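Below you'll find the structure, written out as structure tokens, and then a few comments.
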Amino acid sequence: LANSDSEILGKRYPRDSKTNVTENITSKTSRRLHLQLNHPINILKRRIEAHFSNYKVVDSLNPVVSTQQNFDSLLFTDDHPGRAVTDTYYVDSNTVLRTHTSAHQSEVLKTRAADAYLLTADVYRRDEIDVSHYPVFHQMEGLRTFDRKNLEAEAAVHVTGTSIEGAVLSATNPVQSAHTPREAELVDLHLRHSLEGMVRDLFREEKELQIRWIEAYFPFTSPSWEMEVLYRGSWLELLGCGVIQQKIMDEANNADRVGWAFGLGLERIAMVMFDIPDIRLFWSTDKRFISQFASGEIVKFQPFSKYPACYKDISFWCGEGFHDNDFAEIVRDVAGDMAEDVKLIDKFVHPKTKRVSRCFRINYRSMERTCTNEEIDKIQDELRSVTESRLGVELR
Ligand code: PHE
């Protein structure tokens, strides 16, 4: 493969000055864990699909999308931080690995194939390294639209008599000027009513599940919310949602309709429902992991022994524009899933030169076997040299 190309799902993409995808990341595109029968992500996906049984299922769209799809069509401003190369995997200047399932809203709306759909996909974000962050994860997007002229009949029947805490809209979470207050109220209540029903169904084992709605902001919805549930004593954020910006509906041939959307992270929910302690396990092909879910039911994961961890520190003087995520990317490249956790444990500014020194602690642990010291030392040596050459930092 020419040095200047990336290959993603059998297609070649020339690299340019903005490209930051690595082979370690692009190789994940073919895994499609959400479609692997009886993988926990697949089990959870099917549970939610069973709840929203008359929603159209969309689950095999290509993860390579344009910046237009991922950002512009969703009204992200040009300076929105989500666009930063430190947070997003760019295939080239105009092409990214989707960072969220919302990237497909416009194209799916345009087809007008369904007024309700559930779209599941792998999504990609540059991020820190720890037991709950992985550069690839899975989201499910739900979207529902209504005929504006028939909204009372289509939406109201489901929400009359229900009261949702915090349903009062505020100045910081406004009704769009394109909507009447009644339209916004109906769509918003229908959204939250539908999601509460789904989550209560999903967590049916938990008696009296507590749910709360936190005001949120997304460029593509208003009003917007995050839903949290009280699970084993702590509030867990499950999803983001809101009333779709009418401009998006208008531009996608849906000017006669209004609608809502939500996006939820499947790993986040699967980790609590299946008791999976480390996000890397989802990517494991170890039979001791995958065979536990063969029944297709939601069962508690029985951990096989945890192998010993080994930590190593690395310190260096940073160059300008250094970003922690650039270092995390190198760790992922060199150590792969052996890296369990990377923490910045020290940072200081030299009093005279003003140069910044950082020290990171890498926790190495295989999920499948015990590693030898020599093995870890070799990885750490490689990490030192790649960090030095690729980030242009001065090792200490
Ligand atoms: N796409 C948003 C995210 O990834 C979630 C979302 C989807 C919010 C749909 C509102 C509506 O955070």
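Numbering of ligands and ligand atoms starts at 1, following listing order. A quick note: this is a predicted structure, and the numbers were derived from the prediction, not measured.
The N/O atoms of His100, backbone and side chain alike, include one that comes under 3.5 Å of an N/O atom in ligand 1.
Nearest protein neighbour of atom 6 (C) of ligand 1, counting heavy atoms only, is Gly240 O, 3.7 Å. In this structure, the protein non-hydrogen atom closest to atom 12 (O) of ligand 1 is Phe218 CE2, 3.9 Å. With respect to atom 9 (C) of ligand 1, the closest heavy atom belonging to the protein is Phe262 C, 3.6 Å. For atom 11 (C) of ligand 1, the closest non-hydrogen atom of the protein is Ala261 O, 3.5 Å.
Classification of Asp250 and Lys247 as a salt-bridged pair fails, no side-chain N sitting under 4.0 Å from a carboxylate O. Ionic pairing of Lys45 and Glu49 is present here: one or more N-O contacts between side-chain nitrogen and carboxylate oxygen are shorter than 4.0 angstrom. A salt bridge does not link Arg126 to Asp87: none of the charged side-chain nitrogens sits closer than 4.0 Å to a carboxylate oxygen. Look at Lys110 and Glu107 and you find no salt bridge, because none of the NZ, NE, NH1 or NH2 atoms lies under 4.0 Å from a carboxylate O. Checked for salt-bridge contact, Arg390 and Asp333 meet the test: a charged N lies under 4.0 Å from a carboxylate O.
Contacts between Ser102 and ligand 1 below 4.0 angstrom, taking non-hydrogen atoms only, involve the side chain exclusively. Using a 4.0 Å cut-off between heavy atoms, Met140 makes no contact with ligand 1 at all.
Interface atoms of ligand 1 facing Gln139, defined by a heavy-atom separation under 4.0 Å, are 3 (C), 4 (O). Residue Cys241 has at least one heavy-atom neighbour below 4.0 Å for each of these atoms of ligand 1: 8 (C), 10 (C), 11 (C). Close approach to Gly263 involves these atoms of ligand 1, each under 4.0 Å from a residue heavy atom: 6 (C), 7 (C), 9 (C).
Under the 4.5 Å side-chain contact rule for hydrophobic residues, Ile314 and Val356 do not share a cluster.
At least one heavy atom of Arg125 sits less than 4.0 Å from an atom of ligand 1. In this structure, Phe220 has a heavy atom closer than 4.0 Å to ligand 1.
Taking the centre of each ring, Phe327 and Phe322 stay at or above the 6.0 Å mark.
A cation-pi arrangement is found for Lys18 relative to Tyr90, the charged atom lying closer than 6.0 Å to the ring centre and inside a 45° cone about the ring normal.
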